[in-house]
Novice: 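Have a look at this one before I ask anything.
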Amino acid sequence: MSTLFSKIISGEIPSDKVWEDAHCIAFRDIHPVAPTHILVIPRTPLVNVADAGEGDEALLGHLLRVAGLVAKQEGLSDFRVVTNNGAGAGQSVFHLHLHVIGGRALQWPPG
Ligand code: DGP
């Protein structure tokens with residue numbers, strides 16, 4: 001399924017990109033909920049975590065590693081990585097993405 005994130009990957013929709021490699025890109029969220037709010041998305045249009053199969057394990061691991069790398073790039077040691085799976089959990093764009101959130105004190109539990 002094509003979403004607006006496919007258009008961000010192709011460059012059709014501009015984004016403030018902070019990471020790019022063969023498997024994923026990361027860019028600043030347009031509606032940040034914290035001083036740092038970055039989305040890490042695979043180039044492959046998986047819908048969400050529940051849509052991932054056995055063959056996606058390396059990709060999922062890579063996304064998590066890139067989340068840590070972009071947080072470090074932002075100078076963060078404390079941060080949150082979260083992904084919303086399904087509309088009822090707050091997913092609004094149906095292309096898998098990890099939110100990397102930090103730069104302020106974070107409460108728990110979320111939402
Ligand atoms: P979620 O609600 O978990 O599906 O998160 C989707 C996020 O995507 C939300 O925090 C806002 C962000 N977003 C939506 N449209 C755009 C856009 O056009 N550009 C950027 N940079 N972020 C977007």
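In listed order, ligands and their atoms are each counted from 1. Numbers here simply count residues along the sequence, with the first being 1.
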Novice: Which atoms form the tightest heavy-atom contact between Gly86 and Gln91, and what is the distance?
Specialist: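 Between these two residues, the closest heavy atoms are N-OE1, 2.8 Å.
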
Novice: Is Ser15 in polar range of ligand 1, meaning some N or O pair under 3.5 Å apart?
Specialist: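 No; the residue has no nitrogen or oxygen that sits under 3.5 Å from a nitrogen or oxygen of the ligand.
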
Novice: If the cut-off is 4.0 Å to any non-hydrogen atom of Phe5, which atoms of ligand 1 fall inside it?
Specialist: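 Atoms satisfying the 4.0 Å criterion: 8 (O).
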
Novice: Quick one: does ligand 1 sit under 4.0 Å from the side chain of Leu4, the backbone, both or neither, non-hydrogen atoms only?
Specialist: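 Answer for Leu4: side chain.
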
Novice: Any idea which atoms of ligand 1 are less than 4.0 Å away from a heavy-atom of Val93?
Specialist: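 Contacts of ligand 1 toward Val93, numbered from 1: 4 (O), 6 (C).
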
Novice: Heavy-atom distance to atom 14 (C) of ligand 1: which of Thr3, Ile30, Ile13 wins?
Specialist: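 Looking at heavy atoms only, Ile30 sits closest to atom 14 (C) of ligand 1.
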
Novice: Hey, which atoms in ligand 1 end up nearer than 4.0 Å to a heavy atom of Ser92?
Specialist: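 Per the distance check, 1 (P), 2 (O), 4 (O), 5 (O), 6 (C).
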
Novice: Hey, is the main chain of Phe5 close enough, under 3.5 Å, to the side chain of Thr3 for a donor-acceptor pair?
Specialist: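 Yes, the answer is positive, given that a donor and an acceptor are paired below the 3.5 Å cut-off.
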
Novice: His99: which residues meet the ring pair (Phe, Tyr, Trp, His ring centres under 6.0 Å) condition with it, sequence neighbours left out?
Specialist: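 Once residues adjacent in sequence are excluded, the partners of His99 under the ring pair (Phe, Tyr, Trp, His ring centres under 6.0 Å) criterion are His37, His97.
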
Novice: Give a yes/no verdict on whether any heavy atom in Gly90 is under 4.0 Å from an atom of ligand 1.
Specialist: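 Gly90 counts as a contact of ligand 1 under the 4.0 Å cut-off.
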
Novice: Could you tell me whether a side-chain N or O of His95 sits under 3.5 Å from a main-chain N or O of Pro42, the two making a donor and an acceptor?
Specialist: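 Yes, the answer is positive, given that a donor and an acceptor are paired below the 3.5 Å cut-off.
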
Novice: Could you tell me which atoms of ligand 1, counted from 1 in the order shown, lie closer than 4.0 angstrom to a heavy atom of His97?
Specialist: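 Contacts of ligand 1 toward His97, numbered from 1: 1 (P), 3 (O), 4 (O), 5 (O), 6 (C).
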
Novice: Could you name the option among Asp29, Asn84, Asp16 that has the heavy atom nearest to atom 7 (C) of ligand 1?
Specialist: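 Among Asp29, Asn84, Asp16, the closest heavy atom to atom 7 (C) of ligand 1 belongs to Asp29.
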
Novice: Does any N/O atom on Phe27 come nearer than 3.5 Å to any N/O atom on ligand 1?
Specialist: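 Between Phe27 and ligand 1 (N or O atoms, distance only) the closest approach is not under 3.5 Å.
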
Novice: Only heavy atoms of His99, strictly under 4.0 Å: list the atoms of ligand 1 that pass.
Specialist: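 Per the distance check, 1 (P), 3 (O), 5 (O), 10 (O).
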
Novice: Heavy atom under 4.0 Å from ligand 1: found in Phe94's side chain, backbone, both, or neither?
Specialist: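 Phe94 to ligand 1: no contact under 4.0 Å from either part.
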
Novice: Is it the case that the side chain of Asp51 and the backbone of Asn48 share a donor-acceptor pair, with hydrogens and angles ignored and the cut-off at 3.5 Å?
Specialist: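 It does not hold such a pair.
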
Novice: Look only at the side chain of Glu74 and the backbone of Gly103, and say whether a donor-acceptor pair between them is shorter than 3.5 Å.
Specialist: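 No, because the side chain of Glu74 does not come within donor-acceptor range (under 3.5 Å) of the backbone of Gly103.
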
Novice: Atom NZ of Lys17 and atom CD1 of Ile9: how far apart are they, to the nearest 0.5 Å?
Specialist: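 Lys17 atom NZ to Ile9 atom CD1 measures 9.0 Å (nearest 0.5 Å).
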
Novice: Tell me whether Leu96 is reachable from Val47 by hopping between hydrophobic residues (I, L, V, M, F, W, Y) whose side-chain heavy atoms are closer than 4.5 Å.
Specialist: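 As far as the 4.5 Å side-chain criterion goes, Leu96 and Val47 are not connected within one cluster.
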
Novice: To the nearest 0.1 Å, how far is atom 21 (N) of ligand 1 from its closest protein heavy atom, and which atom is that?
Specialist: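 The closest heavy atom on the protein side is Arg28 O, 2.9 Å.
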
Novice: Hey, could you give me the CZ/OG distance between Phe94 and Ser92, rounded to the nearest 0.5 Å?
Specialist: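 So the CZ of Phe94 and the OG of Ser92 are separated by 7.0 Å.
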
Novice: Going by heavy atoms, is Ile8 under 4.0 Å from ligand 1?
Specialist: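 A heavy atom of Ile8 does come that close to ligand 1.
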
Novice: If you count the atoms of ligand 1 from 1 in the order shown, which ones are under 4.0 Å from a heavy atom of Leu39?
Specialist: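 Listed by number with element: 7 (C), 8 (O), 12 (C).
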
Novice: For Lys7, I'd like to know if atom NZ has over 12 heavy atoms of other residues, nucleotides or ligands within 6.0 Å.
Specialist: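 Result for NZ/Lys7: open.
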
